[in-house]
Structures are given as C-alpha cells and as structure tokens.
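Some notes on the structure that comes next.
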Amino acid sequence: MNTQSLSPELSAIVDFIRQTLPFSALPDTELHDLVRSIEITYYRNGQVFDDRTREQGLRIVRSGAVELRGQDGDLLDRLGEGENFNLHGLIAADPGVRAILIEDSLLYFLPQAEYQELRKRHRDFDRFFNGQRSRRLFRATRSMVSNGTMTRPVRTLMTRDLVSIHSSATIRELAQLMSEQRVSSALVLEEERLLGIITDRDLRTRVLAAGLDGNAGVQEIMTPEPISLGESATLFDAMLLMTQHGLHHLPVVEGQQPVGILTTSDLIVARQDDPVYIVQRLSRATSAGEIHQMLEDVPRFLMHWSDDGVPADQVSHVLTAISDAVTRRLIVLAEDTLGPAPVPYCWVGFGSQARGEQLLNADQDNALIISDEATAQQLPWFEAMAKQVSDGLDLCGYVYCKGNIMATNPDLRRSVSEWQAAVDRWTTSFTPRHVMEVSIVFDIRAIHGDPQLATQVQQHMLRRVQASSIFQAALAGNVLGDTPPIGIFRRFVVEHNGQHKDTLNLKKRGLLPIVEMVRLHALAAGISSVNTLERLQELARSKRMTRYDSRNLADALRFLMQVRLQIQAAQIRESKPLSNHVNPRELPKLAREQLRDAFKIVDNAQRSVRLTYLQGMR
Amino acid sequence: MGLFLDRLRHRRAWRRYQRHPQPQPQLEKLLQVPWPQGNTLWDQASWLAIDLETTGLEPQEGYIISIGWVAIEEGRVKLESARHLLIDSANLVGDSATIHHIRDRDLAAGVPLADALLALASALTGRLAIMHHKPLDEGFLKLAFQEQFGLDWVQPAADTLALERRRMARREAGIHQGALRLGSCRRRYRLPDYPAHNALDDAIACAELFIAQARHVSAAGPRVSQCLS
C-alpha cells in the first residue's frame with residue numbers, strides 16, 4: 001500500500017490562493033503543487049520583518065493586515081487579505097523597507113526557491129512582481145477581467161477538425177469533400193500554409209451561377225489570403241472582424257499554419273444576444289426612428305457586460321463601434337434623400353468618439369472635411385447633410401454638443417486647406433479659453449467618406465503642435481486645470497453643494513485629466529493614434545514616456561473607466577439618470593483605496609507635465 | 001509531570017511490544033525515538049496536529065472514517081507534511097457519513113485502518129501531538145492501535161481546547177456554550193473561517209490555532225511542558 005499516493009486535498013487553501021493575484025494566472029496543477037510548499041505562520045500585531053529576517057520568500061496575507069514602510073518610515077502600501085509581499089525583493093529595490101503587522105495575522109509563506117521557480121516558469125506571474133508599487137491598481141484592473149464570454153480566447157470556441165484541400169485539387173473534388181464532411185467551408189492549403197478559403201456560398205456564386213466547370217482548380221474560386229486571426233484573440237475581436245468585413249468563416253492561425261476555424265454560428269451559440277449584431281442590423285435601418293429603436297437594448301447590454309466583468313475599454317470599443325455605425329447609416333440615409341455628394345468629403349468624429357472611449361451618455365462631436373475642389377454652389381449640400389445627420393444623432397440619443405462642436409457649425413464644415421489654415425491660427429494666436437475649446441479637435445478620426453482628407457488635416461495638426469512649444473505649454477496649462485480630487489490628507493475632495501453634493505465627478509476629475517495629459521504627450525511626440533491606451537503604448541515604445549509611467553497611467557485609466565462603467569450599469573439597473581458622479585462613501589473599501597491610488601497617479605503625472613511643458617513659463 | 005508519566009507508560013508499552021510475534025517496524029521506531037524535552041521552547045519542538053472523523057462519540061461503538069494530520073516545525077505549519085486518509089471499511093453506514101460528506105464512493109477509495117495507523121505512527125515519530133478536544137480522538141486511536149496491533153498507544157499531546165479553556169479561566173471570562181468549539185476559538189485569534197469540514201482541514205485549523213495560542217502566551221512563547229495537558 002502506498003499512503004503517499006492519496007494526495008492531500010488542501011482544497012480550502014488552493015481555493016483561497018486561486019482567488020489572489022497573481023496566482024489566479026497559474027494553472028490548477030501548478031497551484032496544487034505550490035500549495036504543498038507553503039508554510040503557514042501566525043504573528044502578532046507589531047511583528048516586524050526587515051533585512052534581518054532570515055527566511056526569504058513570498059508572504060501572502062491570509063488574514064490580518066500589513067504595512068510596508070520605507071527607510072524614513074513613510075507608508076508605502078497597506079496590504080490586506082489576499083495580498084502578498086516579497087520583503088527581500090522590496091529591499092533590493094528600495095533599501096530599508098520594513099513590513100509591520102498592524103493586526104494579528106495569519107501568513108502563508110512560500111519559500112524563496114519555490115517562489116523564484118514559479119516566476120521563472122510563468123511570465124504573467126513574474127510580470128506581476130515587477131513594478132511593485134502600483135500593484136494595487138494592476139491587481140484591480142486585471143482581476144476585473146473575469147470570465148466574460150466576450151473576453152474568452154478564440155481557441156475555446158473554434159473547431160479544430162479542419163477540412164482542408166490541396167491547392168491543386170479540382171472544384172468537383174472539393175464539393176465532394178465538403179458534402180462528405182458536411183461542412184460549409186474548406187481551407188485551401190499548400191504545404192500546411194493557408195492559401196485561401198472556400199465556402200459553400202462561393203460554390204453557389206462563383207461556380208454554379210458563373211457556369212464554371214467542375215474540373216477547374218479550386219484556386220480559381222477561393223478567396224485568397226483570407227482574413228484570419230490568432231488563437232489567443234478574443235471572441236470579441238472575432239465578432240468585430242466578422243461584422244466589419246461581412247464574413248461568416250474566420251480561419252484561426254498560428255503563424256501561417258491554420259489551427260482552427262470559427263463560424264458565425266459558433267459565435268451565435270456563444271452569445272445569443274450580442275450587441276455586435278446591432279451594428280449589423282443598423283446597416284439595414286431606413287430611418288433615424290428605426291435606428292433609435294434598435295438602440296433600445298444597448299443600456300441593458302452594457303449592464304450585462306459590466307456584470308460579466310468585460311473590461312471597460314472593450315465595452316467602450318463596442319459602444320463607439322455602434323455610434324460609428326449609427327453615424328454612417330444616417331449619412332447614407334442623408335445621401336439617399338439629398339443625392340450623392342458633389343465632391344469627396346470626410347465625416348470625422350472628435351473627442352471620445354475619435355478615441356473609441358464612449359460610454360452611454362456621449363454627446364456628438366463631429367465635423368466635415370470637404371475636398372478643396374468644392375465650389376461655393378456645392379456647399380449647401382453639405383449643410384443640409386450635416387443638419388440631417390446631426391438631427392438624427394440627437395434623436396438617437398447622441399445629443400447636440402453644447403459647445404457646438406458639430407458639422408452643422410459652419411466653422412467646422414470646411415475644406416482641407418481651410419482646416420489647415422484654422423489649425424495654423426489656433427496654434428499661433430490663442431487664449432486659454434480658446435485652447436480648451438479646440439483641444440478636443442486634436443482627437444480626430446474618420447468615420448465616413450474619404451479618410452485621406454482626415455489624415456491630411458491630422459498630419460498638419462501634428463506638425464504644427466510639435467513645432468510650437470508655446471502651444472504645448474498652453475495645452476499643458478489646460479491639462480492642469482482639472483486636478484484630481486484628493487486633498488493633502490488623501491481625503492477625497494467632493495462637491496459641496498448642488499445636485500451632486502458629496503460626490504466627485506469621475507470623468508472631469510479623473511478620466512479627462514488622464515486623457516488630456518496623454519493627448520498632450522502624444523501630440524508633442526507626433527503620434528497619430530488617438531485612443532488613449534494606444535497612445536500610452538506608443539509613448540512607451542518611442543521612449544517618450546517610461547514604461548513604468550505609461551503602465552501606471554493605463555492602469556489608472558482602466559480602473560477609472562471600469563468604475564464609471566459600473567456606475568452607469570448601476571444607474572441603468574435603478575432606472576436613474578446617467579451621470580459620472582460617484583459618492584466615494586458608497587464604494588467598497590478596496591475600491592475607495594484603488595480610486596485614491598488612481599488619483600494619486602494622475603496627480604504625479606500632472607506634476608511631471610508641469611515640469612516638462614511649463615518650466616520657465618511662470 | 002504529564003510528560004514524565006507518559007514516558008514511563010511509553011517505556012512499559014515498548015517493553016510489552018518487543019514481545020509481539022510480528023512487530024511492525026513503523027511502530028518499533030515510534031516507540032524508540034524520544035520525544036522533545038519538556039523544557040524545550042514550543043517552536044523548537046516538532047508537532048503533529050491530528051484530527052479524526054468518526055461515527056459516534058464512543059470508541060467502542062463507532063469507527064474512524066478518516067484521519068488528517070499536518071506537522072509543525074519551527075513554529076510553522078508545513079503543508080508538505082499534510083495527509084488525509086480515508087479509511088476503507090465495508091461496514092460504515094449511518095448518519096455520520098452524511099454529516100461528514102463522505103460517500104460510499106469515497107470509502108471505497110480508502111485505505112485499511114491498519115495501514116492508516118502505520119502511516120500516522122511514522123508521522124508521529126519524534127513528535128508531540130496536537131488535537132482539539134483530545135479525549136475523543138485519543139480514545140479512538142488508543143482502541144484502534146490496541147485492536148490492530150496490540151499496542152498500548154501512549155502519546156503526549158497538546159489539547160487546543162484545554163489550552164483555550166485554561167486561558168479563558170485565567171482571564172475569568174465566562175465560557176459560553178460553544179465558546180470552545182474550534183471555529184469559536186479561532187475567531188478569538190482573528191483566524192479565518194474555514195468553509196470545509198474534513199479531517200485534514202480541521203487538523204490544519206487546529207495547527208493554526210495552536211500557533212496562535214502559543215504566540216499569545218509571550219514573545220518567546222511557552223515551553224513544551226506548558227502546552228501539554
């Protein structure tokens with residue numbers, strides 16, 4: 001008999017560890033193994049761990065609380081249940097760090113050898129321990145990415161039994177294979193490499209309808225170099241790709257080698273009621289009223305997504321995709337009534353729509369860029385079109401912009417060269433108020449029409465802003481106008497009167513300062529991306545910002561967006577009017593702490609803006 | 001005093017077991033390797049927290065259905081030493097199986113009681129035991145060792161329940177009904193609630209309670225003799 005073979009269950013401990021970061025990223029087998037190396041310790045309030053502590057390794061707080069203090073005794077972090085610290089790692093980065101128990105605490109101790117071994121084997125696990133200080137936010141945003149359907153990787157749903165045929169086969173052989181295997185598509189391969197895809201629809205339209213001979217080669221009817229995606233892409237990516245390109249079959253590849261296939265019906269099975277299908281249906285709507293009706297369910301979807309833990313940036317991504325589709329459909333409908341456009345043009349979105357960061361209560365910020373060839377007689381067409389689209393947007397819930405940043409405003413309905421001249425004026429003579437008004441225009445994205453026109457204007461903007469450090473300073477001044485709501489005692493500064501008494505405006509005090517700062521850095525660096533997270537990535541890549549700062553701001557932004565999403569979801573559930581106000585007292589303790597961390601990061605980043613752009617200016 | 005008497009009984013048991021026709025090597029070792037001295041500091045001694053799941057409260061009427069244990073070395077609960085053995089016994093029935101969520105399927109996967117006892121004896125060698133409410137588990141184990149191997153099992157043990165009762169009496173705190181249950185004791189030391197209810201989880205819970213109790217005695221902690229009851 002071998003009693004060793006009956007492994008201990010230790011399930012209560014595994015369950016606990018599994019819920020903590022970054023252990024949640026480890027596979028179950030690994031968790032069961034590592035739990036056996038754990039040593040449980042208990043110490044009383046006041047116990048100190050410092051450089052004299054002999055045992056090295058990771059300490060996980062099972063119950064109780066720990067403070068991390070620096071050499072000067074300043075508080076670095078406070079850890080509670082489920083959080084962990086590696087004292088010697090902290091000391092290596094920051095000599096003199098001590099950990100002090102502030103409650104009687106039960107600690108799980110993972111010895112150094114096992115801990116380092118895990119870091120070596122698992123990249124995500126390791127990454128968590130680099131950049132120790134802002135881990136709380138990192139934890140917050142990562143743990144929100146739960147098991148929402150939309151965020152599942154494609155590999156969880158794709159069909160792995162591929163039906164493929166060699167590129168030298170005939171159409172008849174292919175048709176036989178497809179009916180034998182009872183599939184609606186087949187991949188055309190050459191030496192394992194994906195050459196093309198053929199669907200039953202191709203057999204109908206490209207063979208039967210075209211009267212093609214069954215002895216012709218499959219290469220004649222295949223779609224060559226089909227759009228595909230990697231197996232770690234999310235279902236959400238797949239849906240968007242299919243919707244955008246009107247695809248029903250999506251090969252999944254690793255490198256050039258196909259590993260699976262995903263069909264629209266797979267996705268429908270995965271999620272019956274997905275808002276991405278709204279995008280599809282929108283393109284068939286015949287009036288603004290009909291569009292409005294189709295959008296009826298969107299708030300409910302937002303609520304479900306929030307509950308499912310879909311990351312806020314992805315929710316915004318989809319909501320922006322929906323408003324893009326609404327705008328496009330309204331423009332097409334306007335073209336139907338007014339006749340085709342007399343000259344090429346581009347309808348652009350500004351602000352949150354441009355950045356792909358909309359939630360529900362977005363107003364419209366848009367403009368028209370018209371080709372230089374337009375004559376005075378042709379301009380009324382654009383005026384009428386702008387009015388019809390803008391009215392339609394308002395009817396659909398994208399209310400008129402209070403600042404009149406709309407294509408109906410003649411100042412925002414100009415030719416390319418007029419736009420460029422306007423940019424020159426803004427960047428040479430400006431007042432602070434003026435800067436605030438125009439800053440939103442620097443987030444620009446083509447929604448419909450000829451994107452080249454938008455690119456010309458944007459490139460001009462980037463050149464002008466890059467060249468003018470005075471204008472950068474003015475933008476910086478604007479950025480510093482909104483300060484994060486934490487006082488010197490790290491208490492929240494809340495509104496003191498009016499409808500939003502005791503609350504703070506998450507958008508104005510947290511999100512916008514980040515967006516504006518990142519915009520400033522991106523413009524100064526000549527980066528053409530407008531999405532804030534993308535801008536942050538590119539700033540880090542081009543070394544205009546340290547990877548550390550970039551990641552911190554991204555984490556803070558993601559967290560604030562997530563809180564805003566949750567607030568909106570709660571408001572929808574309670575049928576309350578949507579707002580960006582939150583009462584910090586109504587937040588759970590951890591979220592309150594995380595919010596404070598996020599604001600702290602905004603505060604630090606603002607200091608660095610002051611140093612970089614305003615030095616010597618005041 | 002308790003440890004001294006245990007040593008005498010232990011030696012007597014050893015002499016008797018030497019006459020056993022088929023002595024088990026695990027048990028011979030258990031009887032030969034000495035226990036830590038009474039004046040040793042608690043965290044310099046080796047301990048083994050043990051918990052049994054049984055049917056009924058009387059050893060003569062009930063059965064052991066599972067045994068869990070975990071060792072404490074240098075004041076740390078070593079999870080690598082954790083074991084949970086289900087006892088294979090064909091005649092196990094009744095409500096207790098339901099209470100402990102033990103199903104027929106689990107019992108079928110169990111080990112014979114004799115094998116489980118030998119494994120426990122190996123784990124106990126050179127160690128002192130810890131139990132929560134020692135009289136109950138001790139009674140079952142004494143009878144089992146006697147029936148299976150003809151051994152007079154003698155094992156000095158700390159009883160976390162008795163330690164807690166002593167502490168509360170010293171503080172002149174009234175002891176309410178249920179105040180000495182494992183979970184209630186743990187809460188007093190801010191130890192987390194454990195959801196599961198099996199012999200290993202309870203052995204670990206008991207081990208944690210023991211460390212917490214020791215840490216609350218004084219900075220240096222108690223000596224072994226102070227822990228034993």
Side-chain angles (χ1 to χ4, degrees), chain A residues 1-20 31-49 53-66 80-83 101-111 113-114, chain B residues 43 66-86 88 109-112 114-120 122-123 186-205 207-219 221:
Chain A
M1 188 219 54
N2 178 9
T3 49
Q4 305 291 317
S5 68
L6 289 163
S7 69
E9 291 136 54
L10 296 172
S11 52
I13 294 162
V14 172
D15 287 347
F16 175 79
I17 302 263
R18 194 189 350 243
Q19 286 167 22
T20 72
L31 284 174
H32 278 93
D33 282 354
L34 86 88
V35 153
R36 309 209 55 193
S37 328
I38 282 179
E39 301 176 0
I40 306 176
T41 60
Y42 177 96
Y43 298 99
R44 296 190 62 179
N45 183 356
Q47 173 83 23
V48 177
F49 300 94
T53 302
R54 202 161 32 94
E55 302 81 6
Q56 295 199 19
L58 187 75
R59 291 180 166 86
I60 307 163
V61 182
R62 176 60 183 89
S63 66
V66 185
E81 188 178 304
E83 304 188 286
L101 299 191
I102 54 171
E103 284 174 17
D104 293 347
S105 303
L106 191 68
L107 304 177
Y108 289 167
F109 176 72
L110 183 64
E114 284 79 8
Chain B
D43 56 357
S66 68
I67 311 179
W69 67 77
V70 67
I72 298 178
E73 303 285 351
E74 298 178 327
R76 299 150 176 275
V77 183
K78 302 269 203 180
L79 291 185
E80 63 184 358
S81 65
R83 294 287 180 278
H84 186 214
L85 301 182
L86 299 174
D88 166 37
V111 298
D115 292 347
L117 290 174
L118 290 179
L120 175 64
S122 295
R186 286 173 57 86
R187 251 164 260 144
R188 242 168 268 133
Y189 296 87
R190 292 175 166 254
L191 290 167
D193 289 335
Y194 272 144
H197 182 61
N198 72 43
L200 177 58
D201 288 338
D202 281 353
I204 294 170
E208 290 175 357
L209 173 61
F210 179 70
I211 299 177
Q213 287 174 328
R215 295 262 184 230
H216 275 259
V217 169
S218 65

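Protein chains get the first letters and strands the later ones, always in sequence-line order, with residue 1 at the start of each. Quick caveat: nothing in here was measured; it's all calculated off a predicted structure.
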key: Lys/Arg N to Asp/Glu carboxylate O, B:E80 vs A:R36, below 4.0 Å   = no

ask   = Would you say the side chain of A:E39 lies within less than 4.5 Å of the side chain of B:E73, judging by non-hydrogen atoms?
value = no

request  = Show your reasoning for whether side chain to side chain contact (heavy atoms under 4.5 Å, CB included) applies to B:E208 and A:L106.
outcome  = CA-CA 8 Å; B:E208 290 175 357; A:L106 191 68; 3.4 Å; yes

From CA spacing to verdict: side chain to side chain contact (heavy atoms under 4.5 Å, CB included), A:L10, B:L79 = CA-CA 8 Å; A:L10 296 172; B:L79 291 185; 4.1 Å; yes

query = What residues, two or more places apart in sequence or in another chain, satisfy ring pair (Phe, Tyr, Trp, His ring centres under 6.0 Å) together with B:Y189?
reply = B:H216

ask   = What distance separates B:D43 CG from A:T41 OG1, expressed to the nearest 0.5 Å?
value = 12.5 Å

query = Checking side chain to side chain contact (heavy atoms under 4.5 Å, CB included) for the pair A:I13/B:I204: CA distance, chi angles, key distance, verdict?
reply = CA-CA 10 Å; A:I13 294 162; B:I204 294 170; 4.0 Å; yes

query = Which atoms of A:F16 come close to chain B, meaning under 4.5 Å heavy atom to heavy atom: side chain ones, backbone ones, both, or neither?
reply = neither

task = Might you confirm whether atom CD of A:E103 has over 12 heavy atoms from other residues, nucleotides or ligands at distances under 6.0 Å?
result = yes

query = side-chain hydrogen bond (donor to acceptor under 3.5 Å, both in side chains) with A:Y108: which residues, sequence neighbours excluded?
reply = A:R62, B:Y194

task = Might you point out which heavy atoms bring B:R215 and A:R44 nearest each other, and give the distance in Å?
result = O-CD, 3.0 Å

ask   = Sub-3.5 Å donor-acceptor pair from the side chain of A:S63 to the main-chain atoms of B:R190, do we have one?
value = yes

A:Y42 OH to B:Q213 CD distance, which is reported to the nearest 0.5 Å = 10.0 Å

